[in-house]
Structures are given as structure tokens and as C-alpha cells.
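Order of the sequence lines fixes the chain letters, A, B, ..., with proteins taken first and strands second; residue numbering starts at 1 for each chain. Keep in mind that what you see is a predicted model, and the values were worked out from it rather than measured.
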Protein chains: 2
Amino acid sequence: MARNKHPEQTVKLILDTASQLFFQKGYDRTTLQDIIDATKLSKGAIYHHFASKEAILIAVADRMGEYNTAVLAEVRDRKGLTGAEKLREMFRTAVRLSFQGGIVNMLPFLIENPKFLALQMESILNEAAPHYALPVLREGIADGSIRTDRPEELSEVLLILSDLWLHPILRPSTPEQVRARCTFFNQFTRQYGFELLDEDIIDAMVEFCRS
Amino acid sequence: MARNKHPEQTVKLILDTASQLFFQKGYDRTTLQDIIDATKLSKGAIYHHFASKEAILIAVADRMGEYNTAVLAEVRDRKGLTGAEKLREMFRTAVRLSFQGGIVNMLPFLIENPKFLALQMESILNEAAPHYALPVLREGIADGSIRTDRPEELSEVLLILSDLWLHPILRPSTPEQVRARCTFFNQFTRQYGFELLDEDIIDAMVEFCRS
DNA sequence: CAGATACAGACCGGCGGTCTGTATTATTCT
DNA sequence: AGAATAATACAGACCGCCGGTCTGTATCTG
């Protein structure tokens with residue numbers, strides 16, 4: 001085939017295959033030849049759709065990010081919930097997302113490939129915090145379910161702590177450590193009038209650590 | 001010269017040159033040829049002292065870490081200070097270290113080279129928190145200058161927040177943002193009975209952001 | 001004088017990336 | 001409508017360079 005009628009399918013194939021390989025072996029250890037072999041495409045095909053190997057990585061990250069933010073946006077725009085309730089729901093879905101299917105398999109990937117860690121920090125501070133957590137915090141302040149005079153900073157700290165500290169994916173932890181961190185996190189948020197982690201989520205995180 | 005009487009000097013030369021290059025161009029973009037050109041050594045010499053390019057990076061990181069922890073250990077073991085005072089002193093020296101001479105030049109380096117970011121997170125959670133912040137926190141609890149029932153978690157959160165969130169080095173920030181974050185951070189620690197950032201440090205951070 | 005040490009530098013496989021070629025589709029012109 | 005032309009979607013040979021190895025050699029130590 002020389003001119004495909006549906007090049008988007010080829011792009012999707014490349015992205016799917018590449019992300020799988022990145023997860024398995026890490027970005028550095030995945031060569032273009034690996035992607036070529038797995039997709040049975042040619043080097044020309046891949047470089048026709050992507051400018052570089054790193055462009056593939058960024059596209060993979062973007063696609064993941066878009067899915068996550070779409071889910072978060074849905075919660076943010078839901079009606080009939082207080083700010084605190086929305087925030088709780090966001091955390092629930094974020095944890096659920098990360099555990100089933102999605103980010104779970106990234107364990108070795110994230111560790112092996114710090115480039116992603118940096119991208120994630122960037123997306124936390126430039127996307128998730130200002131566009132998703134912050135408006136919900138503001139709602140919570142308005143409806144009285146959240147108390148703080150610095151929502152901007154609180155939104156950043158909440159996400160930094162949950163993603164980089166609390167989330168057990170990033171490092172090996174014992175169940176006790178996970179529980180202790182969750183308790184501390186709840187103590188922290190209680191200061192602002194709300195609590196995000198209930199027993200269900202904590203159990204899910206603990207359970208994940210066992211495996 | 002074929003057999004040097006002081007090979008340690010060669011190692012130091014490699015480490016000094018490499019760290020400088022890593023800072024300037026980032027690890028990935030620094031080639032072994034760059035190091036060879038700058039040191040005027042041969043490839044054989046470098047691979048005689050280091051097993052790989054990454055081994056050089058790790059050695060550079062280790063050397064920096066050793067210097068930092070030595071300074072922190074000195075504060076930790078000082079006599080005649082309360083726990084809260086020691087913690088404050090640790091933060092002061094950490095900021096001072098990072099601004100004058102040391103980590104300042106790492107700005108593009110850390111951003112360009114996420115491998116270091118991962119190493120830093122590891123060292124925060126495995127070294128700095130348990131061995132330096134935690135004992136000081138315990139002292140503070142004993143002498144009444146710090147109040148918390150979860151010193152382990154607090155030590156981790158303090159360092160995560162200060163290093164990855166508060167520290168302006170990692171991302172561009174306006175003076176207002178820096179001040180707001182510092183205020184939030186002080187509000188946070190006040191909850192545990194102490195305050196870490198005084199006007200001097202905040203001014204130093206703001207000043208740094210201008211340049 | 002016999003290792004062991006501290007280099008020097010040619011050499012190599014493989015990597016990311018480029019470049020040219022070609023088949024197929026879309027567009028334009030008459 | 002249909003031929004000419006351009007643009008697209010690949011294929012795959014090719015290239016420069018990079019990290020790493022390997023052999024050779026001069027100097028020091030025991």
C-alpha cells in the first residue's frame with residue numbers, strides 16, 4: 001500500500017504499539033526498529049507521521065493526558081455537587097483510572113523513564129491545577145464546603161502531594177506506610193474543611209501495593 | 001603520560017568537566033566526545049575510570065548529594081537549638097546552597113534532564129527525609145517546638161513541597177507567585193507549631209526569580 | 001623484571017534520522 | 001468526463017555519530 005485512505009489508523013497503530021513498548025521496556029530501551037518490527041511498517045512511514053522518536057513519546061503522553069483531563073472535566077462540570085464533593089469525586093476517579101488498565105502498567109515505565117515524570121509535573125502545574133482543581137476549589141469556597149484564602153496554592157499542593165507523594169505507584173511502599181500517608185493527607189485537607197480519601201480508596205491503594 | 005601518579009586528579013577532572021557540560025547542555029546532549037575534547041583526555045582514560053556515561057552522571061549526582069548532606073548533617077548535630085530552630089536553619093542553608101554557586105546553574109539542567117529529577121526525588125524520600133528531617137522533627141516534638149503525631153509523613157511532605165513545589169528553580173515564576181507560595185507554606189507549617197520561611201529567604205527567592 | 005596501572009586511540013554495532021523512490025489518491029484544468 | 005498534475009502515504013537504502021570495546025603501550029610498583 002502506498003497511499004492509505006485512512007492514515008489516522010496508521011497513526012493510532014504507531015501510538016498504540018509505541019506506548020505498549022515504552023511501558024514494557026522504557027523509552028530509551030525501545031528502539032525505532034522495535035516499533036518497526038511490531039507495527040510491520042517502514043521507517044519512512046513512521047517518520048512521515050512523526051518528526052522524531054521523542055515526538056512519539058510526547059504524542060503518547062498527550063493522548064493519555066487528554067483522556068485523563070476529559071474525565072476530570074466531566075466531574076468539574078457536573079451539576080448538583082458541592083465543591084468538596086466534586087473534589088472527592090475527582091480523586092476517586094483519578095485513583096480508579098490509575099489502577100484499572102491505565103497507569104498501573106506504568107510502574108516500571110515511570111521509574112525507568114523520568115522524562116515522563118517531568119512531563120507529568122508540568123501537566124500538574126500548568127493544566128490540572130489551574131483548569132480543574134482550582135475552579136472546583138473556588139466553587140467549594142463559594143458554597144462553603146471548602147475554606148481557604150489561597151486556592152491557587154492549595155490546588156497545586158493537593159495535586160503535587162497526591163500524584164508525587166501519596167500515589168504508591170511511584171515507589172515501593174508497605175500497606176502501613178500507605179495508610180499512614182493517607183491519614184496524614186486527610187488530616188491535612190481537614191484543615192480546609194474537607195476530606196478526600198475514604199476507606200474504599202485507601203483499601204484500593206493498599207491492595208494495589210500488595211501486588 | 002601513561003601512568004599517572006595521581007589518578008584521583010584525573011577522576012576529578014572528568015567529574016568537574018562532565019558536571020559543567022551536563023549543566024550547560026543537559027546529559028543527553030553531552031556526548032563523550034564533548035568530554036574528551038574538554039578534558040583533552042582519551043576515550044580509554046575515561047572508560048578506565050568510569051564504566052559508562054551514566055556512571056559519570058551518577059558520580060556527579062553523588063558528589064553533589066554528599067556535599068549537601070554533609071552540610072545538613074552539621075546542622076542536625078548542632079547543639080543548643082530546638083528542633084524547630086534546626087529545621088529553620090536547615091531550610092536557610094539549603095536555600096543558600098542552592099542559590100550561591102551550587103544548584104542555581106542547574107536550572108536548565110534539571111529541566112532538560114529529568115533523570116536527575118528522579119534521582120532527586122529518590123534521595124529526598126530515601127535519604128534526606130528519614131536521616132535528616134525526621135530526627136530533627138523528633139527532637140522538636142521532644143522539646144515542644146513541633147507538634148505532630150506523624151513525623152515520618154510530615155518530614156516527607158516538607159521536603160517534597162520545598163524541593164519540588166516551592167523551589168522556584170524548577171519553573172518560571174513571578175515574584176507574586178513565589179510570595180504566595182511561601183505564605184501558604186508558612187500557613188501550612190504553623191499548623192505544626194513552627195514557621196520556616198522568614199522575610200530574608202523569601203526575598204532571596206524572589207530576587208533569584210528576577211534573573 | 002614481572003605484573004598492575006593509567007592511559008591512548010583505532011574500531012564496531014547500532015541507533016536516530018535523512019533522502020530518494022514509488023504507488024495511490026486528490027485536485028485542477030480543459 | 002478525463003487527462004495532467006500535485007500531494008499524500010508509505011518503502012527502504014543510506015549516513016553520521018554515539019556509547020562502548022579492544023588492543024596496544026608507557027610508566028610505576030613490588
Rounded distance (Å) that lies between atom [atom2] of [N] and atom [atom1] of [X]:
X       : N      : atom1 : atom2 : value
B:Ile46 : D:dT21 : CD1   : C1'   : 14 Å
A:Tyr27 : C:dC15 : OH    : P     : 14 Å
B:Ile35 : D:dC18 : CD1   : P     : 12 Å
A:Ile56 : C:dC15 : CD1   : C1'   : 14 Å
B:Gln33 : D:dG16 : CD    : P     : 16 Å
B:Lys40 : C:dC7  : NZ    : P     : 17 Å
A:Asp37 : C:dG14 : CG    : P     : 13 Å

Any side-chain heavy-atom pair of A:Arg88 and A:Leu81 under 4.5 Å =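 Not touching, per the 4.5 Å side-chain cut-off.
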### Message
Looking at B:Gln20, I want to see if its CD is surrounded by more than 12 non-hydrogen atoms of other residues, nucleotides or ligands under 6.0 Å.
### Response
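Counting neighbours around CD of B:Gln20, 12 or fewer heavy atoms of other residues, nucleotides or ligands fall under 6.0 Å, so no.
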Side-chain N or O of [X] closer than 4.0 Å to phosphate OP1/OP2 of [N]:
X       : N      : value
A:Thr10 : D:dC10 : yes
B:His49 : C:dC7  : yes
A:His48 : D:dC10 : no
B:Lys43 : C:dG9  : no

Worksheet item: Does a salt bridge link A:Arg76 with A:Glu89, judged by any charged N lying under 4.0 Å from a carboxylate O?
Response: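 Salt bridge between A:Arg76 and A:Glu89, a charged N being under 4.0 Å from a carboxylate O: no.
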With nearest nucleotide decided by heavy atoms, which residue, A:Ala45 or B:Gly44, maps closer to the 5′ end of DNA chain D?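 Its nearest nucleotide lies further toward 5', so the answer is A:Ala45.
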- Item | Out of D:dC10, C:dG16, C:dC7, whichever nucleotide has its closest atom nearest the side chain of A:Lys53 |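 Nearest listed nucleotide: C:dG16.
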task = Check every strand shown and say whether A:Thr30 touches a base, only sugar-phosphate, or nothing at a heavy-atom separation below 4.0 Å.
result =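 Counting heavy atoms under 4.0 Å across all strands, the contact made by A:Thr30 is with sugar-phosphate only.
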Run the ring-ring contact (aromatic ring centres under 6.0 Å, His included) test against A:Phe188 and tell me which residues pass, sequence neighbours left out.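 Partners of A:Phe188 under the ring-ring contact (aromatic ring centres under 6.0 Å, His included) test: A:Tyr192, B:Phe188.
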